[in-house]
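The structure appears right after this line, and notes come after that.
Everything numeric in this text was worked out from a predicted model, so none of it was measured. Because only heavy atoms are used, hydrogens play no part in the values below, and waters and symmetry mates are left out as well, while side chains stay in.
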Amino acid sequence: QVQLVESGGGLVQAGGSLRLSCAASGRTFSSFAMGWFRQAPGKEREFVSAIRWNDGSTYYADSVKGRFTSSGDRAKNTVYLQMNSLKPEDTAIYYCAAKGWSGSVYLEVHYDYWGQGTQVTVSS
């Protein structure tokens with residue numbers, strides 16, 4: 001089992017920044033990649049970003065590319081999502097997730113463990 005706890009959400013004005021953190025505990029050695037997903041009211045959950053532990057490769061949705069940056073500290077089993085130039089459409093609950101070696105980093109169905117989510121609200 002892997003436990004994930006997100007933090008860092010909040011209310012920010014458009015153009016502002018936030019940094020989300022996701023701390024993992026438990027059988028963290030079994031995870032191959034960590035992902036960030038978000039769900040806005042009335043919408044399906046969508047992929048935001050991911051980072052692979054083995055080589056640090058990062059992946060981004062087109063909607064956040066150039067504004068968001070994923071990073072990780074393997075020693076602390078923590079990943080971060082730096083969000084800059086935030087827009088009202090970034091408002092959502094952001095979830096951290098962990099996956100094993102198989103499957104795509106882009107698809108939530110391939111993630112085995114999920115955090116409880118943290119709310120991000122961007123005001124216009």
### Summary
To the nearest 0.5 Å, atom CD of Glu46 lies from atom OG of Ser63 at 5.5 Å

### Shortest non-hydrogen separation from Ala14 to Ser124 and the atoms involved
CB-CA, 4.4 Å

### Between OG on residue Ser57 and CD1 on residue Ile51, distance to nearest 0.5 Å
8.5 Å

### Arg38 and Tyr94: side chain donor to acceptor below 3.5 Å
yes

### Contact check, side chains of Tyr113 and Lys99, non-hydrogen atoms, under 4.5 Å
no

### Message
What's the separation between atom OG1 in Thr69 and atom CZ in Arg19, rounded to the nearest 0.5 Å?
### Response
11.5 Å

### Message
Is there a path of hydrophobic side-chain contacts, each under 4.5 Å between heavy atoms of I/L/V/M/F/W/Y residues, joining Tyr60 to Met83?
### Response
yes

## Note on the structure
What one should report as the nearest heavy-atom pair of Ala24 and Val2 is CB-CG1, 4.3 Å

### Message
When you compare the side chain of Val79 with that of Ser21, does any pair of heavy atoms fall below 4.5 Å?
### Response
no

### Task
Ignoring hydrogens and angles, tell me if any N or O in the side chain of Tyr111 forms a donor-acceptor pair with the backbone of Val105 under 3.5 Å.
yes

#### Entry: Same apolar cluster (I L V M F W Y, side chains within < 4.5 Å links), Leu18/Trp36
yes

### Message
Let me confirm one number: the CE-CG distance from Met34 to Asn77, rounded to the nearest 0.5 Å.
### Response
8.0 Å

### side-chain hydrogen bond (donor to acceptor under 3.5 Å, both in side chains) against Ser123, all qualifying residues, sequence neighbours excluded
none

### Query
Is Leu4 linked to Tyr80 within one hydrophobic cluster, defined over Ile, Leu, Val, Met, Phe, Trp and Tyr using a side-chain heavy-atom separation of less than 4.5 Å?
no

### Query
Looking at the rings of Phe37 and Phe47, which for Trp means the six-membered one, are their centres under 6.0 Å apart?
yes

### Task
Starting at CD of Gln82, measure out to OG of Ser71 and round the result to the nearest 0.5 Å.
8.0 Å

### Query
Lys87 and Asp90: salt bridge (charged side-chain N to carboxylate O under 4.0 Å, His left out), yes or no, with the steps?
CA-CA 5 Å; Lys87 305 175 181 179; Asp90 293 319; over 6 Å; no

### Query
Glu44 side chain to Gln39 main-chain N or O, any donor-acceptor pair under 3.5 Å?
no

### Task
Nearest 0.5 Å please: distance from the OG atom of Ser85 over to the CZ atom of Arg67.
7.0 Å

### Message
If we ignore hydrogens and angles and just use 3.5 Å, is the side chain of Thr78 paired with the main-chain N or O of Lys76 as donor and acceptor?
### Response
yes

### Option passing side-chain contact (heavy atoms from CB on, under 4.5 Å) with Val120 (candidates Ile93, Leu20, Leu81, Thr91)
Leu20

### Message
Testing the 3.5 Å rule here: is there a donor-acceptor pair between the side chains of Ser17 and Asn84?
### Response
yes

### Query
Cation-pi between Arg52 and Phe32: NZ/CZ under 6.0 Å from ring centre and within 45° of the ring axis?
no

### Task
Using modelled atom types only, decide if a donor and an acceptor are shared between the side chain of Thr118 and the backbone of Glu6 within a distance under 3.5 Å.
no

### Query
Within a radius of less than 6.0 Å around NZ of Lys43, do more than 12 heavy atoms belonging to other residues, nucleotides or ligands occur?
no

